[in-house]
Structure formats: C-alpha cells, structure tokens
Amino acid sequence: MKTVFYDRHERLRYLKACEIARRIVRDPRQIEQARRFVEEAMAPDPHQSTYTAMWREILSLPAQDIAAALIEDSEKGQLLRDTSPIFGDGFTS
C-alpha cells in the first residue's frame, strides 16, 4: 500500500484507485465498462495508443490482478492511476 504522496491530489487519486479496486473485485462486471471506455474513448485517439495497448493488456487479467495493479506502489501503478479508464458508475458525492 502506498504511503508517501507528492501532494494531496495524488493521495486522492490513490484513494479513488483503492475504491475502484475494491469495487471491481466485488463486481467484476465493472471491468467490461472500462473495456468499452478504452475502445470508444481512448482507442480512436492516436496520442493514446500506448495507453490503449497497456489498458487492453491490463483489462484482460482477472479482477484481482487488475485491482492489485491499480494500487501498486510503483511507476507502473502510478501510470495506471493517471491514465485509468472509467470503471462502473464512477463516484458520487
């Protein structure tokens, strides 16, 4: 679990990723919405081709592995959080 953050925005993104990880393990159907987002919103943009390929690979994994990747305390985990597609219905206040 990540414990050191650059600023409060990074901490908030990490907390959101933790909640997304919890939700997709509980309900893996949310992964399908993320796949649709990747194909409909990311794939058409040539500037996002690297991220599209990365997310296609990640989203082919089991829910537990996707969740672990999202909250990983590494450069790759940070990149996943920074480029994350939308899972499920998002957040409400």
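For the numbers below, each heavy atom of this structure counts, side chains included, while hydrogens, waters and symmetry mates do not.
How far NZ of Lys76 is from CG of Leu70: 10.5 Å, rounded to the nearest 0.5 Å. One distance of note links CZ of Arg29 with CD1 of Ile24; it measures 13.5 Å at 0.5 Å rounding. How far CG of Leu61 is from CD1 of Ile31: 9.0 Å, rounded to the nearest 0.5 Å.
With sequence neighbours excluded, no residue forms a salt bridge (Lys or Arg N to Asp or Glu O under 4.0 Å) with Asp65. Taking the side chain to side chain contact (heavy atoms under 4.5 Å, CB included) definition, one finds that Arg13 meets it with His9, Glu10, Gln78, Asp82, sequence neighbours left out. Residues satisfying the salt bridge (Lys or Arg N to Asp or Glu O under 4.0 Å) criterion with Arg35, sequence neighbours excluded, are Glu32. For Ser49, there are no side-chain hydrogen bond (donor to acceptor under 3.5 Å, both in side chains) partners, not counting sequence neighbours. Every residue two or more places apart in sequence or in another chain that forms a side chain to side chain contact (heavy atoms under 4.5 Å, CB included) with Ala43 is listed here: Glu39, Thr52, Arg56. In this view, Ser60 satisfies the side chain to side chain contact (heavy atoms under 4.5 Å, CB included) rule with no residue, not counting sequence neighbours.
Nearest approach of Leu59 to Ile66, heavy atoms of both residues: CA-CD1, 3.9 Å. Taking all atoms of both residues into account, the shortest heavy-atom contact from Arg81 to Ser74 is NH2-O, 4.3 Å. Between Ala21 and Ile71, the closest heavy-atom pair is CB-CG2, 4.1 Å.
Side-chain contact check for Val38 versus Tyr51: every heavy-atom pair is 4.5 Å or farther apart.
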Yes or no on side-chain contact (heavy atoms from CB on, under 4.5 Å) for Phe37 and Met42, after CA distance, side-chain angles and deciding distance?
CA-CA 7 Å; Phe37 182 89; Met42 294 172 73; 3.9 Å; yes

Leu79 vs Met54, side-chain contact (heavy atoms from CB on, under 4.5 Å): CA-CA, chis, key distance, verdict
CA-CA 10 Å; Leu79 180 61; Met54 177 182 69; 3.7 Å; yes

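Between the Trp55 side chain and the Thr83 main chain, a donor and an acceptor come within less than 3.5 Å of each other.
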